[in-house]
Amino acid sequence: MKISEQHKDFFEHVYEIVRLIPEGRVTNYGSIAKALGTPKSSRMVGWAMNAAHAKSDVPAHRVVNRNGLLTGKMHFSTPTRMQELLENEGIMVKNDQIQYFNTVYWDVTEHFLGK
DNA sequence: AGCTTGACTTTGA
DNA sequence: GTCAAAGCCAAGC
């Protein structure tokens, strides 16, 4: 896909990127917003995730805030659902904080730059 | 129509 | 390192 496709809905862009996040990796809201060309609209990414929750093929649990904190866990079916999904992919979570966040972090822009 | 809220980030003190 | 403030914009009231 092309990042510069601005004719589509903002949410659809978010979905496409979130779907690209590899298993066992996570990214943050700002990185996604940045990839969409609107770095300051990171809040909208969160709002998009809220809507994405309905879609079954959007791994919303792989998106956390920039500190690696599971800020959106309460929006899942159960408050522990997000952590369970992450741990199921090999990501360690302690007190809503992703362990070794720097290691599992997957930068969206780096991916598109081919790095 | 306006006002508030929010799964956020950046910046400046 | 912390903290407060601003910017972002869709949805809900």
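Each chain gets a letter, A, B and so on, in the order the sequences are listed, and its residues count up from 1. Computation of the quantities below employed the complete heavy-atom set of this structure, encompassing side-chain atoms and omitting hydrogens, waters and symmetry-equivalent molecules.
One can place NZ of A/Lys34 at 8 Å from P of B/dT10, the figure rounded to the nearest angstrom. The CE atom of A/Met49 sits 13 Å away from the P atom of B/dA7 (whole-angstrom rounding). In this structure, A/Asn65 places its CG atom 21 Å from P of C/dC8, rounding to the nearest Å. Here the P atom of nucleotide B/dT9 and the CE atom of A/Met44 are 12 Å apart, to the nearest Å. A straight line from NZ of A/Lys40 to P of C/dA10 spans 16 Å, rounded to a whole angstrom. Taking atom CZ of A/Arg66 as the reference point, atom P of B/dC8 lies 13 Å away to the nearest angstrom. Rounded to an integer number of Å, the gap from A/Asn50 CG to C/dG12 C1' is 12 Å. Atom pair A/Arg43:CZ and B/dT9:P shows a separation of 10 Å (rounding to whole Å applied).
In this structure a side-chain-to-backbone donor-acceptor pair under 3.5 Å is present from A/Thr78 to A/Arg81.
The separation of B/dT4 from C/dA6, taken at their P atoms, amounts to 15 Å, rounded to a whole angstrom. Taking atom P on both C/dG1 and B/dT9, the two are 16 Å apart, rounded to the nearest angstrom.
Pair assignment for C/dA4: B/dT11, on the basis of Watson-Crick or G-U wobble contacts that are both within less than 3.5 Å.
Side-chain contact annotation: A/His61 with A/Gln83, donor-acceptor N/O pair under 3.5 Å absent.
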Take A/Ile17 and A/Leu36 through the test side-chain contact (heavy atoms from CB on, under 4.5 Å) and record every step on the way to the result.
CA-CA 9 Å; A/Ile17 290 179; A/Leu36 298 181; 3.6 Å; yes
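Comparing C/dA11, B/dA7, C/dG7 by their nearest atom to the side chain of A/Phe11 picks out C/dA11. Nearest nucleotide to the side chain of A/Trp47, out of B/dG6, B/dA7, C/dA11: C/dA11.
The shortest side-chain heavy-atom distance between A/Val14 and A/Val63 does not fall under the 4.5 Å cut-off.
With respect to the salt-bridge test (charged N to carboxylate O, under 4.0 angstrom), the residues A/Arg62 and A/Glu89 qualify.
Judged by distance alone with a 3.5 Å cut-off, no donor-acceptor contact links the side chain of A/Ser41 to the base of C/dC8.
Within the 4.0 angstrom heavy-atom criterion, no nucleotide atom of any strand lies near A/Ala33.
The shortest distance between the side-chain N/O atoms of A/Thr38 and the OP1/OP2 oxygens of C/dC8 is not below 4.0 Å.
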